[in-house]
Each structure stands twice: as structure tokens, then as C-alpha cells.
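Heads up, the thing below is written out as C-alpha cells.
Since the structure is predicted, the reported quantities are computational estimates derived from the model, not experimental observations. Every chain is numbered from 1 and lettered A, B, ... according to where its sequence line falls, protein lines coming before strand lines.
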2 protein chains.
Amino acid sequence: MQVSKTLDYAVRSLTYMSKRPVERFSMKEISEKQHIPLNYLAKIMRKLVNRGIIRSMVGPDGGYALRKSPGEINLKDVYEAIEGELKMIDCMDKDTICSLYENCPQLPVWDKLQVSMIKILESTTLEDMLNREKSNVA
Amino acid sequence: MQVSKTLDYAVRSLTYMSKRPVERFSMKEISEKQHIPLNYLAKIMRKLVNRGIIRSMVGPDGGYALRKSPGEINLKDVYEAIEGELKMIDCMDKDTICSLYENCPQLPVWDKLQVSMIKILESTTLEDMLNREKSNVA
DNA sequence: CTAAACATGGACTTTCTGTGTCTATAATGT
DNA sequence: ACATTATAGACACAGAAAGTCCATGTTTAG
């Protein structure tokens with residue numbers, strides 16, 4: 001029930017890029033400024049590229065750039081790029097053990113949690129995050 | 001970002017006990033009825049005992065019983081009994097790496113998520129879960 | 001053309017945690 | 001005394017998360 005380091009890295013990288021949304025950033029710069037292992041960052045960036053959140057340019061002076069404006073990139077996209085579909089508990093889409101029980105009292109609760117998390121992630125864009133920056137920890 | 005099997009076991013056991021809130025249940029019964037490995041269940045139950053959610057009686061005809069009524073036991077208690085304090089990300093209470101950065105754009109978001117999860121858990125009692133049982137998956 | 005700068009993709013290693021087992025001990029009712 | 005039940009902690013294991021390394025391919029400045 002925690003945010004993985006990987007996801008945190010991804011979000012950090014993206015918010016970093018959001019400060020100058022049209023520029024190009026080399027992996028090296030992001031890696032150094034955000035203290036993320038270079039080779040590990042490479043994997044993360046690939047996922048973001050594949051998902052269409054950023055685009056990459058090869059060659060000297062290449063790097064990464066946002067594909068959309070920070071206001072158009074929400075955290076649900078980022079989450080799914082990194083972790084895949086969000087689900088609170090495995091049996092929520094497979095019908096494994098749970099199908100053994102005629103009724104499963106806790107499913108609705110996990111579902112409720114899941115729905116509200118998705119809603120929050122979906123409604124939060126990178127731009128929002130930058131704006132909230134000063135008023136840390138609500 | 002998932003509900004652990006352990007927590008699910010705990011909730012299952014408690015809702016099972018909630019159906020007959022005054023009775024005593026042996027680990028053996030719970031283990032069999034809920035398909036939870038006996039020795040593993042033992043560890044879970046101890047946590048619930050330590051937290052004061054259930055009480056235990058040793059000896060023949062011993063077992064476990066709810067300490068409060070199902071309406072008075074909420075899921076936040078259960079969560080914390082099993083997993084400890086709920087926090088989305090480690091730096092939310094330690095001041096480790098994050099203190100290096102003058103500003104941390106994503107913290108408010110994780111915090112928002114965290115607060116809303118706690119709210120949902122807190123407002124859901126075992127009794128609620130039993131009542132919702134028939135209308136699965138909202 | 002060539003080398004520098006960069007990205008890509010996959011294999012591999014390490015570390016950690018969730019999950020589960022085993023064994024020995026203590027308490028209690030009959 | 002004996003059977004039954006919980007308590008406590010050590011131990012084992014698998015799978016995932018986190019991180020490393022390397023071999024390859026692309027672009028472009030010079």
C-alpha cells in the first residue's frame with residue numbers, strides 16, 4: 001500500500017521537466033539533479049516514452065521532452081505507465097480463490113478505496129503539482 | 001500500492017467473527033473456514049490481540065473473541081494493527097533524502113491520497129462490511 | 001567518415017519483504 | 001496428569017523491487 005520508489009522517480013523526473021516544458025533534458029541532467037541512478041532512470045524513461053508521455057531524441061544534444069503540456073499530463077497516466085493497471089487486490093479482476101466464497105464482504109471496501117485513488121490520481125496534473133509546491137504537506 | 005494478503009486475511013477473519021460477535025472462535029475453525037494457513041494465522045491474531053481488537057483465551061475451549069462490537073471496530077485499526085502506520089511514501093515522516101530538496105512537488109499529492117485512504121478506512125466498520133455483503137462490488 | 005553523445009533493450013545481480021513453516025513453551029479446563 | 005489451545009520467536013523461501021552492466025544502434029558535430 002505504498003508508492004514505489006520507481007513511481008516516485010518517474011513523478012520527480014516529470015515535475016522536474018515541467019518547470020521548463022519545452023526544453024530537452026538529457027538523462028544525465030535528470031539523473032544528477034534528482035539523484036536517480038542513471039541506468040535505472042533509463043528504464044523508467046523508456047516506459048514513459050512507450051506510454052506517449054514524453055518523446056526522446058537521439059544523438060548529441062538529444063534527450064527527452066514532454067509530449068503534452070504539464071496541464072494535460074495526469075498522475076493516473078504516469079502510474080499506469082510505470083505500474084500497469086491500478087488494482088487494490090489481485091482477485092479484483094481474476095476470479096481465483098474469491099469465487100469460492102459465495103460472498104466477499106471486503107471486496108466493496110477495497111473497490112471503494114481503489115475508485116477514490118484513481119479519481120485523485122486522474123484529477124491531478126503535473127501543473128497542479130508545481131502550483132502546490134510551496135504549500136507543502138497539506 | 002496493493003492490499004497485502006496478510007491484511008486481507010485479518011479482515012476476513014474479523015468479518016467472519018463478526019457474524020457471531022459474542023462467540024469464541026478457535027484458530028483452527030477460522031483457519032479452515034477462511035482457508036488461511038494455521039501457523040500464519042497465529043501471527044496475525046497475535047497482532048490483533050496486541051492492538052486490543054480481539055482478546056484471546058488459552059486452554060481447551062479457548063480461542064479468540066472480539067473485544068468490541070463490530071460497529072466499533074474500523075478498518076483503520078485493523079490496518080494499523082497489521083501494517084503499522086499508513087504512509088504512502090517513506091519520506092513522509094522521516095526526514096531523509098527529501099530534506100535535501102528545498103521543495104518537493106509530489107509530497108502534497110501523496111499526502112492527499114493518504115488522507116483520503118485513511119478517511120475511508122476509518123469510516124468503515126466491520127458491521128458496515130457485513131451489511132454491504134450482498135451488494136458486492138459497488 | 002568518424003567519433004562523441006545519446007538512447008534502447010535485455011540479461012543479470014542484489015536486496016528486501018511478504019508469506020509461510022517449525023518448534024518449544026505456557027496456560028487452562030477436565 | 002493430560003489434552004487442548006494460544007504465544008513467541010527463529011527459520012526458510014519465493015518473488016518482486018531496485019539497481020547494474022553490457023552490447024547495440026542512432027544521430028549529428030566536426
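Atom CG of B/D61 is separated from atom C1' of D/dC2 by 16 Å (rounded to the nearest Å). Across the protein-nucleic acid pair, A/M45 atom CE and D/dG19 atom P stand 16 Å apart, rounded to whole Å. Atom CE in B/M1 sits roughly 15 Å away from atom C1' in D/dA17 (whole-Å rounding). When the C1' atom of D/dG15 is taken as reference, atom CD of B/Q2 falls 13 Å away, rounded to whole Å. Atom C1' of nucleotide C/dG9 and atom CE of A/M27 are separated by 12 Å, given to the nearest angstrom. For A/I30 and C/dA5, the CD1 to C1' distance is 15 Å, given to the nearest whole Å. Rounded to an integer number of Å, the gap from A/L41 CG to D/dA18 P is 14 Å. Rounded to whole angstrom, the span from the CZ atom of B/R55 across to the P atom of D/dT7 amounts to 13 Å.
Placement of B/I120 and A/L86 within a single hydrophobic cluster is found when ILVMFWY residues are connected by side-chain heavy-atom separations under 4.5 Å, directly or transitively.
A sub-4.0 Å separation between OP1 or OP2 of C/dT19 and a side-chain N or O of B/S4 is present. When the side-chain nitrogen and oxygen atoms of B/S56 are compared with OP1 and OP2 of D/dT5, none of them lie within a distance under 4.0 Å. Distances shown here put a side-chain N or O of A/Y9 below 4.0 Å from the OP1 or OP2 atom of D/dG19. Taking 4.0 angstrom as the limit, A/T6 places a side-chain polar atom (N or O) nearer than this to OP1 or OP2 of D/dA18. Taking 4.0 angstrom as the limit, A/K5 places a side-chain polar atom (N or O) nearer than this to OP1 or OP2 of D/dG19. Between A/S26 and C/dA5 there is no side-chain N or O to OP1 or OP2 distance below 4.0 Å. At C/dT8, one or more side-chain N or O atoms of A/Y64 fall inside 4.0 Å of OP1 or OP2 (strictly under the cut-off).
For B/Y40, whose side chain is taken as the heavy atoms from C-beta onward, the closest listed nucleotide among C/dC22, D/dT20, C/dG20 is C/dG20. Among the nucleotides C/dT21, C/dA26, D/dT20, the one closest to any side-chain atom of B/V58 is C/dA26.
Side-chain N/O atoms of B/E83 and B/S4 include a donor and acceptor closer than 3.5 Å. Using a 3.5 Å distance cut-off with no hydrogens or angles, the side chains of B/Y40 and B/T6 do pair a donor with an acceptor. For A/Y64 and A/S26, the side-chain atoms include no donor-acceptor pair closer than 3.5 Å.
Not a single donor-acceptor contact under 3.5 angstrom links the side-chain atoms of B/R46 to the base of D/dA6.
Checked by atom type and distance alone, the side chain of A/D128 pairs as donor or acceptor with a backbone atom of A/T125 at under 3.5 Å.
Counting any heavy atom pair closer than 4.0 Å across all strands shown, B/M57 reaches sugar-phosphate atoms only and no base atom.
Taking for each of B/K43 and A/V49 the nucleotide of DNA chain C with the nearest heavy atom, the 5'-most of the two is the partner of A/V49.
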